[in-house]
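For reference, the structure is listed below as structure tokens.
Source: prediction; values computed, not measured. As the structure lists them, so they are numbered: ligands from 1, and atoms in each ligand from 1. Any value given below was found using the heavy atoms of this structure, including those in side chains, with hydrogens, waters and symmetry copies removed.
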Amino acid sequence: MNVEILEYLLKNENHIEDMAKNAKVDSGASFGIIKLLLANHGDIGVLKGKQIYHYENVIKPLLENVQCEGPMGMMDDDNGNWVSSCVNDGIVDDESLYQSYLEEDFKCQICRHDAEKMR
Ligand SMILES: [Zn+2]
């Protein structure tokens with residue numbers, strides 16, 4: 001559990017609010033769960049019932065397997081699909097994720113490096 005990111009999500013409410021809206025749940029409850037997790041050093045073992053649903057559908061997608069946009073951002077492929085230009089595994093690694101939130105720029109470590117070279 002990346003506690004730094006939980007703290008960030010608590011202060012920057014738009015991420016949770018968007019996810020809660022998509023999951024059709026009350027974002028206020030999601031924020032309550034983040035506070036509970038922070039008070040327990042990120043231990044998801046303290047969550048019960050509906051709290052687990054919030055965690056799985058609202059909070060976890062913001063912490064794990066976040067899509068890397070790639071060095072050139074999202075692009076059309078030959079079939080007209082909107083895809084990431086990431087040539088790696090397409091997932092922002094844990095180390096890069098907090099930085100990605102701070103910069104509002106979601107890239108894995110390798111794409112971040114590539115994008116810097118292209119500048
Ligand atoms: Zn990438």
When you compare the side chain of Glu13 with that of Ile16, does any pair of heavy atoms fall below 4.5 Å?
no
When the ring planes of Phe106 and Tyr101 are compared, do they come out parallel, tilted or perpendicular, using 30° and 60° as the limits?
perpendicular
Between the side chains of Glu95 and Arg112, is the shortest nitrogen-to-carboxylate-oxygen separation below 4.0 Å, so that they form an ion pair?
no
Same apolar cluster: Met75 and Val92, side chain cutoff 4.5 Å
no
Rounded to the nearest 0.5 Å, the CG atom of Asp94 sits from the CE atom of Met1 at a distance of 10.0 Å
Under 2.8 Å from the Zn ion (ligand 1), which protein N, O or S atoms are there? Could you list them by chain and number?
Cys68 SG, Cys86 SG, Cys108 SG, Cys111 SG
One thing to verify: whether Lys107 and Asp105 come together as a salt bridge, which I'm taking to mean a side-chain N less than 4.0 angstrom from a carboxylate O.
yes
